[in-house]
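Quick notes on the structure that follows.
In this chain, numbering begins with 1 at the start of the sequence shown.
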Amino acid sequence: MEVLQHCSHEHPLIFNEERSHESDIYCSACGELVLGPMFSCMDCGFHLDKNCAEAPDVMNHPFHRKHNLELKASSPYDDGSPLCGFCNNICWNPLYHCSCNLDFHIKCAFLSYKVLKNDIRELQHLVPIISSEGHSRELEKAQCFACQKSLLDSVYISPDYGFHLHKKCLELPLEINHPCHRHHSLFLQFNSDHLPCQICQESQHERLVYCCSICKFVLHTGCVSPPPIIEDPSNHEHPFTRCLKNQPFNCDACGTLGNYVSYNCLTCSLTVHKKCITLPRFIKSIWHDHPISHNYFVVDNECTTHDCGFCHEDVNMESGNYYCSKCKFIIHVNCALQDARWYYKIESKDMVNAMSAVGALDPSFFVTKMTKIGEEIINAEIKHFSHQHNLVLTDEVKDRMYCDGCSQLILTSFYGCLECDFFLHKYCAKLPKKKQVISLYHQDPLSLIPHCIFKCALCRFMRSGFAYKCEVYMCNDHICVRCAEIHLPYKSQGHKHPIHFYPQLNGLSCDACGGSTDGVSIYGCKPCNFAVHYQCILAPQIAWHKWDKHFLTLRYHEDNDYSEYHCCDICEEKRSPNTWFYHCAICDNSAHLHCVLGDFPFIKRGRTFITNDHQHTLISVQKAHHPKCCKCGEPCFDLALECLEEECKYISHWRCNSNYKILWKDSKNLV
């Protein structure tokens, strides 16, 4: 009687020449139905077919030449079971493991060994070679194990082990010599290190690649013999010819270095990467308002420097870039195409022209009366889509009037309604009804919606007034008009240079509030180590607070060196002389930004509301005294809702109503 002590089981296993036919028995290692001899522990119901039981403790796999694979009784990882490098399913015990985090089922290690050794005789008895014709539905998502390409329109082999192979991939040689790497042979290997291909520069996770482990040189199987000539009239009018040579070059299409394989246009004297031949000619990027076009070079007669609109490093005008001639906006090719969500391709020049006209074709008002002051023609009266009455241009600014578009103070001439308290800045009245907003992943034009209460998806402030809303993607994003109108780079009175947007710039302090910039988006100037939080850059130039009867002006640095002078006159806490603050020159009062603005600086004061839990109409107020909130009992220091009925003394914090559906009277546009 033959007995085996296997690493995967604590008891000895007894050899059975023939299995019992009373019930189906499955191998405890590979999970397959046992059809022949096996080793069993009858007390535990543990069985191993003969192949799994006799699997060697160490395997020298031809597609992983760096290290041997070691048979493990259980997963070597603390955080669970790994995925099999062959079938991509979870590995159960026992398994083959390599120290470079490559793992296999026992059956997959043996099967891949046979496949990679091109033992076609072992496979032909499993399933015949199949044509993909007529199998498109089944094969839409299936991929070849070797090259990770679709099986459609190809002849393939599909064994009953959960993987597929193109016939051409099954016939790949195990070893090749290549003119781009003349020092050593290249061997067909698992790409366990996820190295990029030296020809296409892509790091896609192909399971099998040609590799020189000594030099870390990798070629995708499909890149071993790149086409000698590539023609793409939609991107370039002439063909590109291949040059296979181990020499560095600078790509004229993207401006970065290349090696080994270049493609040349002899007519235009261009040298490019293979992947850059098909760069889209026109794209719409989230980093710019207008469509931008690809150029191999840009002529600049003004001899100025040009910073990339994303990374803000210098762009070489003599090499490839994306450019907007209207705005002189320029961006590196690799920055523009870094993330597929950041852009989309525009198919033709006609579509570019049509997109540039968005907004101009759908104005938000029409003029009902014009007047002439000197040589200037003024739109004296307009009909705006957001209001039922005509709006008249006036410069009679009353104390503390707020715009119904942006909810900010009105300080200069504006459009107002003679029949009700509805006011718009001249700038807000001219906002287009359709607008593309930079930095949003979805780039279809957003629609201008009036009379909204919402949280802006970019600045995260609660807002009232106009909002640009995404209606195409049903994502319900609302963007405030201030964020929608921010241009890059941004010119701030708080810094002498234009400042740029950075999704993240760690290690600095915000020059506005003094807080850390770690992990948050900012506007900054790298040469000056200047940084301001995205929310701080939106602080209005002029503000008002209940403790001062005058307007407050935003100041960017303190001129008075007297240390006791550096105190906030609202909270009476210390104030840094190096951060921004609000100041009243008449009263000589100064205060922190947040102490003046509070938590809800962009909700219009004096607007009426109704709520689900109070029967009367409410008005948004910020009281000079601090009545107690009828909901929580705490004093109302910040924005509050007060009942308009004289007999009713109801007042509550705005934040105490956040759990209820707050309605703007006569409005349906609520978030």
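Ring orientation note: the planes of His500 and Tyr502 are nearly perpendicular, at an angle over 60° on the 30°/60° scale.
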**Request:** Could you walk me through whether Ile537 and Ile499 pass side-chain contact (heavy atoms from CB on, under 4.5 Å), step by step?
**Result:** CA-CA 10 Å; Ile537 205 72; Ile499 55 179; 3.6 Å; yes

**Prompt:** So Ile277 and Asn235, side-chain contact (heavy atoms from CB on, under 4.5 Å) or not? Walk me through it.
**Reply:** CA-CA 7 Å; Ile277 294 174; Asn235 286 316; over 6 Å; no

**Request:** Could you check Ser185 against Asn177 for side-chain hydrogen bond (donor to acceptor under 3.5 Å, both in side chains), going step by step and ending with a plain yes or no?
**Result:** CA-CA 5 Å; Ser185 297; Asn177 295 321; 3.0 Å; yes

**Request:** Would you check, one step at a time, whether the test side-chain contact (heavy atoms from CB on, under 4.5 Å) holds for Gln198 with Val218?
**Result:** CA-CA 6 Å; Gln198 296 297 330; Val218 162; 5.6 Å; no

**Message:** Under the criterion side-chain contact (heavy atoms from CB on, under 4.5 Å), I'd like the reasoning laid out for His288 against Cys327: C-alpha separation, chi angles, the key distance, then a yes or no.
**Reply:** CA-CA 9 Å; His288 191 60; Cys327 307; 3.6 Å; yes

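A pairwise comparison of heavy atoms in Asn259 and Phe249 identifies N-CE2, 3.4 Å as the closest pair. Nearest heavy-atom pair, Pro239 versus Ile229, reported as atom, atom and distance to 0.1 Å: CB-CG2, 3.9 Å. Of all non-hydrogen atoms in Asp511 and Asn529, the two that sit nearest each other are OD1-O, 4.1 Å. Residues Asn250 and Ser319 come closest through the heavy atom pair ND2-CB, 4.3 Å. Shown here for Ala531 and Ile522, the closest heavy-atom pair between the two residues is CB-CD1, 3.6 Å. Nearest heavy-atom pair, Asn506 versus Asp518, reported as atom, atom and distance to 0.1 Å: OD1-CA, 3.1 Å.
At a threshold of 4.5 Å between non-hydrogen side-chain atoms, the residues Lys455 and His478 do not count as touching. Within the 4.5 Å cutoff, no side-chain heavy atoms of Leu188 are placed close to those of Glu175. Counting heavy atoms from C-beta on, the side chains of Val298 and Asn321 come closer than 4.5 Å. Two residues are said to be in side-chain contact when any heavy atoms from C-beta on lie closer than 4.5 Å; Cys268 and His236 meet this criterion. For the pair Lys434/Leu446, no side-chain contact is recorded, criterion being any heavy-atom separation below 4.5 Å from C-beta on. Taking 4.5 Å as the limit, some side-chain heavy atom of Leu448 sits within range of a side-chain heavy atom of Val481. At a threshold of 4.5 Å between non-hydrogen side-chain atoms, the residues Tyr534 and Cys483 count as touching. Taking 4.5 Å as the limit, some side-chain heavy atom of Phe466 sits within range of a side-chain heavy atom of Leu431.
We find the SG-CZ distance between Cys456 and Arg482 to be 11.5 Å, quoted to the nearest 0.5 Å. The distance from the CZ atom of Arg281 to the CD1 atom of Ile292 is 14.5 Å, given to the nearest 0.5 Å. Distance check: His497 NE2 to Cys525 SG gives 5.5 Å after rounding to the nearest 0.5 Å. Taking NE2 of His64 as the start and SG of Cys211 as the end, the distance is 10.5 Å to the nearest 0.5 Å. Asp232 CG to Thr278 OG1: the interatomic distance, rounded to the nearest 0.5 Å, is 6.5 Å. Remark: Cys335 SG to Ile330 CD1 distance equals 11.5 Å, nearest 0.5 Å.
The backbone N or O of Ile90 lies less than 3.5 Å from a partner atom in the side chain of His105, making a donor-acceptor pair. Judged by distance alone, the side chain of Lys275 and the main-chain N or O of Leu279 form no donor-acceptor pair under 3.5 Å. With Arg242 contributing its side chain and Pro226 its backbone, the two residues share a donor-acceptor pair below 3.5 Å. Looking at His181, its side chain never comes within 3.5 Å of a backbone N or O of Cys215 through a donor-acceptor pair. Checking side-chain atoms of His332 against main-chain N and O of Asp314 turns up a donor-acceptor pair under 3.5 Å. Of the possible donor and acceptor atoms, none in the side chain of Asn264 sits under 3.5 Å from a partner among the backbone N and O of Leu266. In this structure a side-chain-to-backbone donor-acceptor pair under 3.5 Å is present from His312 to Phe310. Checking side-chain atoms of Ser364 against main-chain N and O of Ala429 turns up a donor-acceptor pair under 3.5 Å. A distance-only check finds no donor-acceptor pair linking the side chain of His425 to the backbone of Tyr427 [under 3.5 Å]. Asn295 places a side-chain N or O within 3.5 Å of a backbone atom of Ser293 that can act as its donor or acceptor partner.
The aromatic ring centres of Tyr343 and Phe282 sit 6.0 Å or more apart. Taking the six-membered ring for Trp and the full ring otherwise, the centers of His294 and Tyr296 sit less than 6.0 Å from each other.
Within the cation-pi definition used here (under 6.0 Å to the ring centroid, within 45° of the axis), Lys433 qualifies as a partner of Phe385.
A ring pair (Phe, Tyr, Trp, His ring centres under 6.0 Å) with Phe217 is found for one member of Tyr260, Tyr210, Phe187 and no other, namely Tyr260.
For Glu318, the CD atom sits in a loose shell: 12 or fewer heavy atoms of surrounding residues, nucleotides or ligands are nearer than 6.0 Å.
Applying the salt bridge (Lys or Arg N to Asp or Glu O under 4.0 Å) rule to pairs touching residues 208-222 yields Asp193-Lys216, sequence neighbours excluded.
Residues passing the side-chain hydrogen bond (donor to acceptor under 3.5 Å, both in side chains) test with His384, sequence neighbours excluded: Ser386.
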